[in-house]
Amino acid sequence: MAIIQERKVPALADKPMDFCPGCGHGIVSRLIMECLDELNQNNNIIFAIGVGCSSNLGAGLECDRLHCSHGRAGAVATGIKRVNPDVLVVSYQGDGDAYSIGLSETFNAAYRNENITVIIINNTNFGMTGGQMSLTTLEGQKTSTSVSGRDCAVTGYPIRFPEMAASQFPDAAYIARGTVTSPKRVNQLKKYIKNALEAQMDHEGYSAVEVLSPCPVNWGLSPLDAMERIEKEIIPYYPIGEFKGRKGR
Ligand SMILES: Cc1ncc(C[n+]2csc(CCOP(=O)(O)OP(=O)(O)O)c2C)c(N)n1
Ligand code: SF4
């Protein structure tokens with residue numbers, strides 16, 4: 001019988017992370033760290049980490065990181081990168097952090113075409129604080145602050161940041177959206193993350209990857225049903241794919 005040994009990723013601490021069972025954060029954290037390892041960047045990385053369940057990433061790392069004020073990681077990452085242009089700088093944020101609270105910082109870093117990589121975990125709510133409505137909550141979705149379902153005529157419509165950034169910022173290097181619902185999707189997402197990191201390493205400019213991620217606890221679903229919700233309800237509104245590929249690749 002073949003024994004599959006889990007590969008140790010040096011910049012990831014050898015201990016369990018604090019995410020709920022079935023959460024997508026853990027998968028994405030692992031993918032980012034595998035990419036850094038494969039790109040030989042374990043000792044050349046600084047994370048700018050947002051506030052939320054995303055903050056749990058910091059506890060699982062054995063590499064440099066800064067926990068930022070809520071929503072401000074785009075500005076913090078900009079500062080870190082400008083004084084360390086050869087160090088990889090990655091912001092890791094939830095949709096509530098990057099969009100609802102930090103849209104100005106997120107937007108302006110893209111607008112200036114900062115040579116940073118932004119990873120946004122879109123679970124269509126504010127996960128850590130109990131599943132409140134965020135800018136990505138789908139129309140009709142029930143959350144703890146939209147108990148009858150989101151009414152977009154009152155609140156506005158769910159934001160599609162990757163599409164907006166790809167269409168508005170022609171110099172941006174790489175922009176994509178992936179998800180974690182199957183091994184195929186996970187492998188595809190890993191390629192997206194690696195492309196984004198390589199674009200930054202080659203000084204090509206701004207790169208961002210949004211990840212559709214399950215939050216079974218706040219969605220009131222089992223981990224499997226949460227994955228199914230992404231496929232059936234979320235992807236039709238938030239399509240998967242590359243919105244801006246690297247030039248000449
Ligand atoms: C200025 C400020 N406002 C509100 C909060 C409370 N708060 C902490 S985490 C969080 C939600 C974060 O949600 P999201 O960014 O979507 O990440 P998730 O937890 O879903 O991964 C909020 C509102 C805070 N810490 N600081
Ligand atoms: S509350 Fe949601 S986003 Fe936060 S760790 Fe649990 S499942 Fe993940």
Colleague: Does some side-chain heavy atom of Glu204 sit less than 4.5 Å from a side-chain heavy atom of Glu198?
Modeller: no
Colleague: Before giving the answer on side chain to side chain donor-acceptor pair (under 3.5 Å), spell out for His25 and Asn56 the whole-Å C-alpha distance, their side-chain angles and the decisive distance to 0.1 Å.
Modeller: CA-CA 9 Å; His25 270 296; Asn56 287 329; over 6 Å; no
Colleague: Measure the spacing between CD of Glu228 and OG of Ser222 and express it to the nearest 0.5 Å.
Modeller: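 It comes to 8.5 Å.
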Colleague: Would you say Ile234 ends up clustered with Leu221 if hydrophobic residues are merged whenever their side chains have heavy atoms under 4.5 Å apart, either directly or through other cluster members?
Modeller: yes
Colleague: Establish, from distance only, whether the side-chain atoms of Arg150 and Thr155 form a donor-acceptor pair under 3.5 Å.
Modeller: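 Side chains of Arg150 and Thr155: pair found under 3.5 Å.
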Colleague: Within the structure provided, determine whether Leu138 and Tyr238 are in side-chain contact (heavy-atom separation under 4.5 Å).
Modeller: yes
Colleague: Are the side chains of Lys244 and Tyr174 in contact, using a 4.5 Å heavy-atom criterion?
Modeller: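 No; the side chains remain at least 4.5 Å from each other.
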Colleague: After noting the C-alpha distance and the side-chain angles of Lys142 and Ser148, does the key distance pass the side-chain contact (heavy atoms from CB on, under 4.5 Å) rule?
Modeller: CA-CA 6 Å; Lys142 290 184 180 164; Ser148 305; 5.8 Å; no
Colleague: Is Arg160 salt-bridged to Glu210, cutoff N-O under 4.0 Å?
Modeller: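 Looking at Glu210 together with Arg160, the answer is no, because their closest N to O distance does not fall below 4.0 Å.
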Colleague: Using only atom types and a distance under 3.5 Å, with no angle test, would you say the side chain of Ser55 pairs donor to acceptor with the backbone of Gly50?
Modeller: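 Pair found, side chain donor or acceptor close to backbone of Gly50.
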Colleague: So do Leu31 and Val186 actually touch side chain to side chain, heavy atoms under 4.5 Å?
Modeller: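 Val186 vs Leu31: side chains touch.
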Colleague: Kindly say whether Met33 contributes a backbone atom to a donor-acceptor pair with the side chain of Asp37 at under 3.5 angstrom?
Modeller: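 Not confirmed, Asp37 side chain does not pair with Met33 backbone.
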Colleague: What is the minimum heavy-atom distance between Ala48 and Cys68, and which atoms define it?
Modeller: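 Reported closest heavy-atom pair: CB-SG, 3.8 Å.
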Colleague: Could you check whether Glu38 pairs with Lys194 (Lys NZ or Arg NE/NH1/NH2 to Asp/Glu carboxylate O, under 4.0 Å)?
Modeller: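 Salt bridge: yes.
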Colleague: Kindly work out whether a path of hydrophobic side-chain contacts (I/L/V/M/F/W/Y, heavy atoms less than 4.5 Å apart) joins Val180 to Ile32.
Modeller: yes
Colleague: Does the pair Glu242/Arg177 count as a salt bridge with the N-to-O cut at 4.0 Å?
Modeller: no
Colleague: Would Thr124 and Gln141 count as having a side-chain donor-acceptor pair, cut-off 3.5 Å?
Modeller: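 Yes - a donor-acceptor pair under 3.5 Å links their side chains.
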Colleague: Kindly check if the number of other-residue, nucleotide or ligand heavy atoms within 6.0 Å of CG (Asn43) is above 12?
Modeller: no
Colleague: Measuring from atom CG of Leu39 to atom CG of Asn44, what distance do you get when rounded to the nearest 0.5 angstrom?
Modeller: 11.0 Å
Colleague: Can you tell me how far apart OG1 (Thr181) and CD (Gln188) are? Round to the nearest 0.5 Å.
Modeller: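 CD of Gln188 is found 9.0 Å from OG1 of Thr181.
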Colleague: Quick check, are the ring centers of His67 and Phe47 under 6.0 angstrom apart?
Modeller: no
Colleague: Tell me the closest heavy-atom pair linking Pro158 and Thr137, and the distance in Å.
Modeller: CG-O, 3.2 Å
Colleague: Kindly indicate whether the side chain of Ile116, heavy atoms from C-beta on, has any atom under 4.5 Å from the side chain of Ser91.
Modeller: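 SC-SC contact between Ile116 and Ser91 ruled out.
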Colleague: Mind running side-chain contact (heavy atoms from CB on, under 4.5 Å) on Val90 and Ile45 for me, showing each step along the way?
Modeller: CA-CA 8 Å; Val90 174; Ile45 168 76; 3.7 Å; yes
Colleague: Under the 3.5 angstrom rule, does the side chain of Asn84 hit a backbone N or O of Ile80 as a donor-acceptor pair?
Modeller: yes
Colleague: I'd like a table of donor-acceptor pairs (distance under 3.5 Å, sequence neighbours excluded) in which one partner is a side-chain atom from residues 14-22, with atom names and distances.
Modeller:
from	atom 1	to	atom 2	distance (Å)
Lys15	NZ	Ala59	O	3.1

Colleague: Please check if any side-chain donor atom of Asn125 sits under 3.5 Å from a side-chain acceptor atom of Thr143, or the reverse.
Modeller: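 No, no side-chain donor-acceptor contact under 3.5 Å.
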Colleague: To the nearest 0.5 Å, what is the distance between CG (Asn195) and CD1 (Ile175)?
Modeller: 13.0 Å
Colleague: Applying side-chain hydrogen bond (donor to acceptor under 3.5 Å, both in side chains), name anything that partners Glu105, two or more places apart in sequence or on another chain.
Modeller: Arg72
Colleague: Is a side-chain donor or acceptor of Trp219 paired with a backbone partner of Arg229 at a separation under 3.5 angstrom?
Modeller: no
Colleague: Looking only at heavy atoms, what is the nearest atom pair of Asn218 and Phe126, with distance?
Modeller: ND2-O, 4.3 Å
Colleague: Tell me, with the steps shown, if Val87 and Lys81 meet side-chain contact (heavy atoms from CB on, under 4.5 Å).
Modeller: CA-CA 7 Å; Val87 171; Lys81 184 69 182 184; 5.7 Å; no
Colleague: Would Asp97 and His70 satisfy side-chain contact (heavy atoms from CB on, under 4.5 Å), going step by step from the backbone distance to the final call?
Modeller: CA-CA 6 Å; Asp97 186 90; His70 211 359; 2.7 Å; yes
Colleague: Under a 3.5 Å distance rule, please check whether Arg65 uses its side chain to pair with a backbone N or O of Cys63 as donor and acceptor.
Modeller: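 Checking the backbone N and O of Cys63 against the side chain of Arg65, a donor-acceptor pair under 3.5 Å is found.
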Colleague: Would Met227 and Leu189 show up in the same hydrophobic cluster when neighbours are defined by side-chain heavy atoms closer than 4.5 Å?
Modeller: yes
Colleague: Is the closest side-chain donor-acceptor distance between Ser207 and Gln200 under 3.5 Å?
Modeller: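 No pair is found: no donor N or O on one side chain lies under 3.5 Å from an acceptor on the other.
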Colleague: With the 4.5 Å side-chain cut-off for hydrophobic clustering, are Tyr92 and Val51 part of the same group?
Modeller: no
Colleague: Quick check for you: to the nearest 0.5 Å, what is the distance between Asp171 atom CG and Arg112 atom CZ?
Modeller: 14.5 Å
Colleague: Fit a plane to each ring of Tyr206 and Phe161, take the angle between them on a 0 to 90° scale, and name the class: parallel (under 30°), tilted (30 to 60°) or perpendicular (over 60°).
Modeller: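 Perpendicular.
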Colleague: Taking all non-hydrogen atoms of both residues, which atom of Ile121 and which atom of Ser213 are closest, and how far apart?
Modeller: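 That would be CG2-CB, 3.4 Å.
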Colleague: Any idea which heavy atoms bring Cys53 and Gly127 closest together, and the distance?
Modeller: SG-C, 4.0 Å
Colleague: We want to know whether Glu62 and Asn42 form a side-chain donor-acceptor pair, criterion being a heavy-atom distance below 3.5 angstrom.
Modeller: no
Colleague: Is a donor on one side and an acceptor on the other found under 3.5 Å between the side chain of Thr179 and the backbone of Leu212?
Modeller: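 Yes, Thr179 side chain to Leu212 backbone: donor-acceptor pair under 3.5 Å.
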Colleague: Would you mind reporting whether Leu61 and Ile49 have side-chain heavy atoms less than 4.5 Å apart?
Modeller: yes
Colleague: Could you check if a side-chain atom of Thr136 sits within less than 4.5 angstrom of a side-chain atom of Ile159, using non-hydrogen atoms only?
Modeller: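 Yes, their side chains come closer than 4.5 Å.
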Colleague: For Asp95 and Ser134, what are the C-alpha separation, side-chain angles and deciding distance, and is it a side chain to side chain donor-acceptor pair (under 3.5 Å)?
Modeller: CA-CA 7 Å; Asp95 53 284; Ser134 78; 2.6 Å; yes
Colleague: For the atom pair OG1 (Thr117) and CG (Leu197), what is the distance rounded to the nearest 0.5 Å?
Modeller: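 Between atom OG1 of Thr117 and atom CG of Leu197 there are 5.0 Å.
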Colleague: Do Asn122 and Val211 make a side-chain contact, defined as non-hydrogen atoms from C-beta onward lying under 4.5 Å apart?
Modeller: no
Colleague: Does Met164 share a hydrophobic cluster with Phe169, counting links as ILVMFWY side-chain heavy atoms below 4.5 Å and allowing steps through other members?
Modeller: yes
Colleague: Between Arg30 and Glu34, is the closest basic N to carboxylate O distance under 4.0 Å?
Modeller: yes
Colleague: Which pair of non-hydrogen atoms, one from Tyr192 and one from Gly241, has the smallest distance, and what is that distance?
Modeller: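 Result for this residue pair: OH-CA, 3.4 Å.
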